[in-house]
> 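Before we start, here is the structure in question, set down as structure tokens.
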Number of protein chains: 2
Amino acid sequence: MPDSLRRFKADIFQALAHSTRIAILELLSDGELSAGVLIEKLGMEQANVSQHLGVLRAKHLVVNRKAGNQVFYSVRDRTIIEVLQLMRRYFHTQLKETSDMLDELDKPLEIVH
Amino acid sequence: MPDSLRRFKADIFQALAHSTRIAILELLSDGELSAGVLIEKLGMEQANVSQHLGVLRAKHLVVNRKAGNQVFYSVRDRTIIEVLQLMRRYFHTQLKETSDMLDELDKPLEIVH
DNA sequence: CAATTACATTCGAATATGCTAATATTCAAT
DNA sequence: ATTGAATATTAGCATATTCGAATGTAATTG
């Protein structure tokens, strides 16, 4: 497999590598929503959400449609939703295999010596 | 869905968000390989590959088995391989939809004037 | 016990990412 | 034309990632 394809994949994974962007894609999985509704449902700063939408747009994971004052977003390809679902399955498998996993999640903070 | 689960997913995606780590997982998809063989097949710096293996280990995407002098790595859960395969399908879909995609891929290299 | 092989870890510099606050832009309505 | 609402962009700072160079650590061999 050519490295260009791997870089493409890595780019997509990078776009998925943030809980807010995952939340956005999940919210959009049932159909399009305006930026305003997304901001409201996420309960986060407008600029912050807009930046995350910008990342998803840049990687073509979402498309946007302007309607007057508003901008409606939707997922471009359902395959991405499938990836997220596969990930959930992965989570459950791992949960069964190692219950330490949850402790591990908190670890990054322990780096403070 | 709780945010902790999204953060877990994001963490895994972060681990996948590098072409070298994707290459490692692909190389391991047919069975375990020693760190040395991985380094050789990747043709990269020993320390660099070891660091990437460290990331994959930290996120439990791979497990390692010590045998004397060597360390053998293998993917912990095939689901991750499935995610990579889904991603390949995604790539092909996108390729059909927008041929600009390839231009986008080469862009970073064109910085050399 | 050297010396070597196979990996891992640490350090430091470069680059990338994420956030808030502030500012722009774009369309709508008065 | 002004104002207001919805969204995007920029600036600046803090933190994270990535890399090569150097160093550390086990196990192996002589």
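Worth knowing before you read on, the calculation uses all heavy atoms, side chains too, and leaves out hydrogens, waters and symmetry mates. All values derive from a computational prediction rather than experimental measurement.
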> Among residues two or more places apart or on two chains, list those pairs meeting salt bridge (charged side-chain N to carboxylate O under 4.0 Å, His left out) that have a residue in residues 60-69 of chain B.
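For residues 60-69 of chain B, and leaving out neighbouring residues, the salt bridge (charged side-chain N to carboxylate O under 4.0 Å, His left out) pairs sorted by first residue read B:E32-B:R65.
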> Has B:Y73 got a side-chain N or O lying under 4.0 Å from the OP1 or OP2 atom of C:dA8?
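Checking C:dA8 against B:Y73, a side-chain N or O does come within under 4.0 Å of OP1 or OP2.
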> Please report the distance, rounded to the nearest Å, between NZ in A:K59 and P in C:dT17.
7 Å
> Give me each pair satisfying salt bridge (charged side-chain N to carboxylate O under 4.0 Å, His left out) with a member in residues 84-93 of chain A, each pair once, sequence neighbours excluded.
A:R89-B:E82
> In whole angstrom, what separates B:F13's CZ from C:dT17's C1'?
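It works out to 18 Å between those atoms.
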> For DNA chain C, which residues in residues 20-32 of chain B have a heavy atom at a distance below 4.0 Å?
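By residue number: none to list.
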> Quick check on contacts: within residues 34-53 of chain B, what sits under 4.0 Å from DNA chain C by heavy-atom distance?
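Correct list: B:S34, B:A35, B:G36, B:Q46, B:A47, B:S50, B:Q51.
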> If the condition is side chain to side chain contact (heavy atoms under 4.5 Å, CB included), which residues does B:D3 pass it with, not counting sequence neighbours?
A:S19, B:R6, B:R7
> When you match A:A17 and B:Q70 each to their closest nucleotide on DNA chain C, which lands nearer the 5' end?
B:Q70
> Between A:H18 (NE2) and D:dT17 (P), how many Å, whole number?
11 Å
> In terms of hydrophobic clustering (I, L, V, M, F, W, Y; side-chain heavy atoms under 4.5 Å; direct or indirect links), are B:L25 and B:V63 co-clustered?
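Different hydrophobic clusters.
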> A:A17: which residues meet the side chain to side chain contact (heavy atoms under 4.5 Å, CB included) condition with it, sequence neighbours left out?
B:F13, B:Q14
> Could you measure the distance from the CD1 atom of A:I22 to the CD1 atom of A:I80? Nearest 0.5 Å is fine.
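Answer for the CD1-CD1 pair, A:I22 versus A:I80, is 11.0 Å.
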> Specify the separation, in whole Å, of atom CD of A:Q14 and atom P of C:dT15.
17 Å
> Do A:K9 and B:E26 pass the salt bridge (charged side-chain N to carboxylate O under 4.0 Å, His left out) test, and can you show the C-alpha distance, the side-chain angles, and the key distance before you say yes or no?
CA-CA 12 Å; A:K9 285 184 185 175; B:E26 286 175 351; 3.4 Å; yes
> Scan for ring pair (Phe, Tyr, Trp, His ring centres under 6.0 Å) pairs involving residues 66-88 of chain B, sequence neighbours excluded, and state none if there are none.
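Applying ring pair (Phe, Tyr, Trp, His ring centres under 6.0 Å) to every pair that reaches into residues 66-88 of chain B, excluding sequence neighbours, yields nothing.
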> Nucleotide by nucleotide, 5' to 3', does protein get under 4.0 Å of the base (B), only the sugar-phosphate (S), or neither (-) in nucleotides 24-30 of chain D, counting heavy atoms?
---BS--
> Can you tell me how far C1' of C:dT17 sits from CG of A:L56, to the nearest Å?
14 Å
> Identify each donor-acceptor pair in which a side-chain atom of residues 42-56 of chain B lies under 3.5 Å from a protein atom, sequence neighbours left out, and give them as a table.
unit_1 : atom_1 : unit_2 : atom_2 : d
B:N48  : OD1    : B:H52  : NE2    : 3.2
B:H52  : ND1    : B:R21  : NH1    : 3.1

> If I take atom CD1 from residue A:I12 and atom CG from residue B:L16, how far apart are they, to the nearest 0.5 angstrom?
12.5 Å
> Identify, with sequence neighbours excluded, every residue that meets side chain to side chain donor-acceptor pair (under 3.5 Å) alongside A:R78.
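Here no residue qualifies.
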